[in-house]
Amino acid sequence: MSELLQEWRHEPLDRDAAVVLVPIRHHSPACARHLRALLGAVRPAAVLIEAPCDAEPLIPHLLADDAEPPLALYTTWIERQGRDEPRHHASYWPLCEYSPEWVALRTAAELGAEIGFVDLDFARMVQAGRRGERDRIDSLQDEAHLQRGRYLDALVRAAGVRDPNELWDHLFECPADRDPWAFFDGVLAYCSASRHGSDPAELEHDGTLAREAEMVRRVAAARGRHPGRRIVVVTGGFHSVALRAVDWSAESGGPPTALSPDSQVTLMRYAYEQLDRLNGYAAGMPSPGFYERQWRGEAVEHTVTAFGRALRVLRPEGASAADSIAAVEQVRGLAALRGHHRIGRQDLLDAITSTFVKGSDDVEGVAVQAVARKLLAGERRGRIPSDAATPPLVADFEAGADRHRLSREGGARRELVLDGYRKAAHRAASRFLHRLAVLDVPFAQKVRGPDFARGTDLDRIQEVWSYAWQPATESALIEASRYGASLREAAAARIGERLAQARDGDRRADRAAELLVQAAVCGLHDQLPRLLAAVAALVAEEGRFDAAVAACERLRLVAQACEPLELHRTDEVGKVFTADAVLAAAATAWQRAALLLAEARSWPDDEVQALLDALADWRAAADDVFGGSGPFDRHADEVLAAVARGTEGAPEVPGAALGLLHGSGAATDREVAVAVRGRLAGAALAGSRFVRGLFHTDRSAVWQVGEVLEALDDLLATIDEDEFLRLCPHLRLAFSQLAPRELDAVGRRVAERAGVATSRPLAATALVDADTAVRIRAVDRLLAEELAADGLGAWLAGDDAPPGGPVDG
Amino acid sequence: MTRSPSPDVLRAVAEQRCADELAALRSSDAGPRPPGWLLSPRAVRTFVCGGKAGKVAIPRKFYGDDALVERAIVTLAGNRGLLLVGEPGTAKSLLSELLAAAISGDSTVVVQGSAATTEDQIQYAWNYALLLSEGPSERALVPGPFHRAMTGGKLVRFEEITRCAPEVQDTLVGVLSEKLLAIAELEGAAGLVQARPGFNVIATANLRDRGVHEMSAALKRRFNFETVRPLDDLDQEVELVRREAGLGLAAQGADVALGEDVVAVLVEAFQDLRSGMTREGTAVDRPSTVVSTAEAVSVCLSAGLDAYYYGDGALTVDGVARHLAGAVFKDQRDDLTKLRHYFQSVARARAGRGARGKLWKQFHEARRHLPAE
């Protein structure tokens with residue numbers, strides 16, 4: 001470790017500097033307390049905070065009396081330039097009552113100092129290289145830099161702790177308060193080690209250097225505004241290290257970067273559980289509930305009692321007051337052993353594990369630790385001041401819920417029955433709920449009703465929904481805000497995004513068609529023409545037969561659903577989107593499928609069932625929708641004839657094709673007979689599979705075309721046991737498609753052919769064990785003897801002749 | 001670590017083995033001591049986890065979770081007993097011995113739990129001859145471990161508490177809550193033994209094994225449970241195995257070189273088998289027997305002795321593989337198959353690759369030493 005220390009030397013903070021750099025860790029109560037003391041001592045003219053500069057207009061809301069943390073700044077930016085589909089970026093900047101930034105804001109207001117935010121706005125951060133996560137919104141206060149590095153690992157080991165969070169607590173949160181300058185010196189040293197070990201190229205790449213340059217510019221500008229007075233700059237410690245290197249007397253600043261358009265920042269209410277999760281990803285301070293209790297000076301007895309009560313809800317017999325007493329003792333003992341003036345988070349968790357877990361950690365301990373973590377995460381929800389604006393999407397949701405008289409109180413689920421065909425208001429409510437579903441906002445679930453996407457239950461008239469407001473509803477709405485300011489806009493954008501994904505991804509036409517249906521049920525009529533065009537484009541390129549058929553089916557459903565979904569009433573663009581237009585698209589899809597069918601040289605074995613179903617659907621589509629016999633029918637038959645002759649790949653498909661031809665009358669019984677016999681004679685296995693395909697689409701062939709059974713019978717008579725075992729699964733699949741009556745008919749036919757009476761069972765299965773069987777046979781023999789003695793032996797002959805002989809007593 | 005040579009005993013107890021260290025800790029200990037304790041909690045932690053006592057370096061004796069040791073120490077200073085649970089071979093008894101040696105200076109107040117343990121083996125018994133001739137008296141009383149610990153203000157160790165019958169276990173419930181032992185046969189003050197400060201119980205248990213009973217809820221409430229986990233830090237376990245095997249070999253007078261890389265191959269194999277997943281992410285079938293650090297030490301010891309007496313005095317991978325099957329394959333045929341499979345798949349994949357590729361190659365080739373099925 002000594003060589004690590006030799007690489008850099010730490011200089012203490014200058015207590016008399018005009019620009020006072022205060023390094024903090026976000027959401028650290030110790031930093032907050034010492035910052036307050038320092039601000040009181042320095043009494044600066046301005047307090048500058050590391051926060052997006054375009055959030056400055058929100059400062060008055062943050063200072064309002066009725067603003068209650070936890071709150072967050074929610075920043076969004078829609079990246080349009082140079083892209084076909086806009087990309088949405090979003091991030092959170094949370095605040096708690098014990099956050100140093102919150103304390104800085106409030107104390108600065110008390111001291112009458114100017115308050116400024118000195119970081120780049122969010123859009124510029126992203127442009128400078130900030131990378132977010134693809135599948136979730138992350139934190140602007142990411143501290144991952146501070147959790148890595150050899151120095152930190154060495155420090156963790158030397159201090160005898162388990163991880164960097166415990167180290168932070170041990171060094172900064174648990175010791176008693178001291179002189180703030182000395183405290184922040186320590187924090188700066190801690191952060192310097194990480195900064196020293198990080199790669200400058202990486203910092204350039206991820207935008208850190210650009211952000212720090214902006215901070216320098218804004219600080220210099222503030223200096224210019226307050227000559228001769230002191231300024232305090234509150235930033236994450238990682239940045240303070242860089243800002244230290246600046247010579248403020250030489251720095252003139254230059255104009256701060258202008259704000260970019262399309263960048264938006266709103267104030268929203270936040271929750272501790274969300275913060276806990278967010279900080280988990282961002283390597284920030286965990287367990288907001290715990291640190292809040294510590295900030296408020298709550299005695300550890302209260303926390304332990306609260307824990308005991310929470311555990312008792314889960315396990316009534318598993319947590320007693322004695323355990324709580326022992327836990328308090330244990331916490332104090334651990335804190336004393338570790339030299340902690342204040343109880344540390346890990347001290348509490350350790351004590352709970354020791355005293356409440358009655359078994360091994362990884363079995364009984366799991367539930368206890370889960371309850372502990374949940375309690376320490378906390379449940380507080382903040383409130384934005386009444387004069388601040390609610391995020392537009394949330395406001396739209398609230399207005400919509402009120403309009404449709406849906407309760408926004410949480411609690412038990414309520415049921416809602418919507419009669420969309422008869423009442424316009426219900427139709428509107430249904431669209432409202434479908435839009436929420438498209439945005440993945442947890443609020444309502446459809447329990448019953450017509451499903452236009454899958455084409456099921458279309459005869460149902462009413463939709464039944466079950467709904468309940470939950471906290472996740474609001475946060476999901478906030479997160480969906482990046483899609484738009486109203487539910488309509490956001491749902492449309494989300495569908496658009498999914499369409500782009502489908503286009504960039506597997507380009508399946510049927511998925512695009514599903515999106516069309518979704519848009520239809522959401523009432524997004526102005527999107528429909530665009531979506532229809534996209535589906536048509538994808539259909540034209542679709543390479544998979546089953547996807548083309550599925551797309552055709554969905555489009556047919558949409559055409560059918562035009563009336564119930566009011567799709568023909570689409571305002572000015574209505575002319576482009578009519579049932580006829582959709583049917584035309586369906587016809588195109590059908591023909592594309594026909595083309596694929598005709599061009600296919602062979603059929604893959606692993607998709608046989610899907611292909612068989614698709615083939616049947618495709619032929620049925622020609623019949624149903626395009627109006628009976630006509631050009632489609634003839635076309636279909638031609639294509640199928642070619643397929644039926646095919647010999648490459650899965651034999652089930654030609655069999656199914658032949659079945660369809662037979663069913664529509666395009667193939668005669670004779671042709672079917674010849675084909676079956678030919679195939680079976682050629683290769684028995686392939687032939688069996690062919691028969692399976694045949695039965696799939698045309699069950700009647702089995703008794704209508706006598707040759708089929710004969711051919712099979714002949715085959716089975718000639719093959720040996722091994723061959724039979726090979727064929728058995730396929731033949732079984734073939735015959736399992738018949739209904740029981742049909743199977744009976746087959747059985748009779750086969751028996752006739754073999755000249756065997758059908759009243760006797762064809763096979764005997766032993767149902768009992770050997771002993772019982774012996775006893776049954778013995779009883780049988782006794783019975784036979786008795787009957788014979790009574791002259792009723794004929795009864796056992798088993799035919800229908802009346803018992804012969806006189807009946808004796 | 002100082003080792004008081006005692007050629008008369010196979011294994012010296014901790015307070016004898018580490019007498020010098022304990023003396024150094026006592027003299028430099030400035031912290032507050034709970035009543036009846038010979039050392040302060042911090043000094044006890046230093047003894048177990050390593051550190052300095054004034055100028056004397058104290059080596060680490062327990063590898064694993066330092067926080068566990070801290071919690072154990074704090075528990076023992078409080079009202080409840082300490083119950084160490086975990087799989088076999090995770091050094092629960094070692095930790096119990098070290099804590100008793102450091103806190104009470106005496107780790108010999110022990111109850112060895114088994115199905116045959118009775119109440120008089122735990123608390124007190126009678127010298128029946130005296131009892132019959134003189135009647136009940138203090139002279140006729142034969143103090144058991146609990147009696148001795150309570151009157152002496154010491155820690156009593158109860159090994160494998162869950163192997164005792166539940167009725168026998170439950171005789172402790174009263175003792176642990178009241179810290180009082182009532183001897184019905186004696187009158188007056190002699191009939192009531194109150195525990196002196198410094199008394200507490202360290203129990204150990206395997207919770208999941210054959211022949212283990214359930215613990216009643218009433219008794220569970222008198223203990224703080226601490227789970228001792230097997231090591232998963234490769235370097236720590238290698239260091240531990242080398243040290244322990246080295247000490248065992250030295251005690252036999254066998255001078256064997258225990259190469260770090262050879263031991264690392266063995267330890268890594270054991271860790272893979274224990275966790276069911278290799279470092280590369282391949283899933284491995286876990287044998288039903290426990291492959292703990294203790295088994296690794298014993299394999300090294302056997303292989304070391306083999307090398308000393310039959311080989312050239314240096315531990316080889318081949319030698320280790322020869323003694324491996326005995327440690328892993330206890331009575332389940334499947335375990336041997338799993339071990340063989342491990343050789344064939346994982347050892348082969350690692351052969352020739354990475355820092356220890358050559359040794360893994362030898363390990364893979366040594367599979368011929370596995371007993372035939």
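Chain naming here is simple, since letters A, B, ... match the order of the sequence lines and numbering starts at 1 in each.
- Nearest approach of B:N79 to A:E329, heavy atoms of both residues: N-OE1, 3.5 Å.
- One finds no salt bridge joining A:R157 and B:D66 here, because no Lys/Arg side-chain nitrogen approaches an Asp/Glu carboxylate oxygen to under 4.0 Å.
- Between chain B and the options A:A322, A:G359, A:G339, A:A326, heavy-atom pairs under 4.5 Å are most frequent for A:G359.
- Within the structure, salt bridge (Lys or Arg N to Asp or Glu O under 4.0 Å) pairs that include any residue of residues 28-37 of chain B comprise B:D29-B:R33 (at least two apart or interchain).
- Under a cut-off of 6.0 angstrom, the local environment of NZ in A:K374 is sparse, with at most 12 non-hydrogen atoms contributed by other residues, nucleotides or ligands.
- Across every non-hydrogen atom of A:D361 and B:T227, the tightest pair is N-OG1, 2.7 Å.
- Looking at B:A67, the atoms closer than 4.5 Å to chain A (heavy atoms on both sides) sit in the backbone and in the side chain alike.
- Annotation for A:R309: atom CZ does not count as buried by contact number, only 12 or fewer foreign heavy atoms lying within 6.0 Å.
- Using a 4.5 Å cut-off between heavy atoms, B:E226 contacts chain A through its side chain alone, with no backbone atom that close.
- In this structure, A:A336 and B:R42 approach most closely via the heavy-atom pair O-NH2, 3.2 Å.
- Each of A:T353, A:V357, A:T355, A:D323 was scored for a side chain to side chain contact (heavy atoms under 4.5 Å, CB included) with B:N224, with one residue passing: A:T355.
- Among B:I73, B:V74, B:D65, B:L68, the residue making the largest number of heavy-atom pairs under 4.5 Å with chain A is B:V74.
- Here the CG atom belonging to B:N206 is positioned 11.0 Å from the OG atom belonging to A:S360, to the nearest 0.5 angstrom.
- For chain A, the nearby parts of B:R71 are the backbone and the side chain; heavy atoms of each come within less than 4.5 Å.
- Applying the 6.0 Å contact sphere to CD of A:E298 captures more than 12 heavy atoms from other residues, nucleotides or ligands.
- Using a distance-only test at 3.5 Å, with no hydrogens or angles considered, a donor-acceptor pair links the side chain of A:K358 to the main chain of B:F223.
- Considering every non-hydrogen atom in both B:R45 and A:G160, the closest pair reads NH2-O, 3.8 Å.
- Taking A:Q346, A:E364, A:R162, A:R338 one by one and counting their heavy-atom pairs under 4.5 Å with chain B, the maximum is reached by A:R338.
- A:V161 does not touch chain B: none of its heavy atoms, backbone or side chain, sits under 4.5 Å away.
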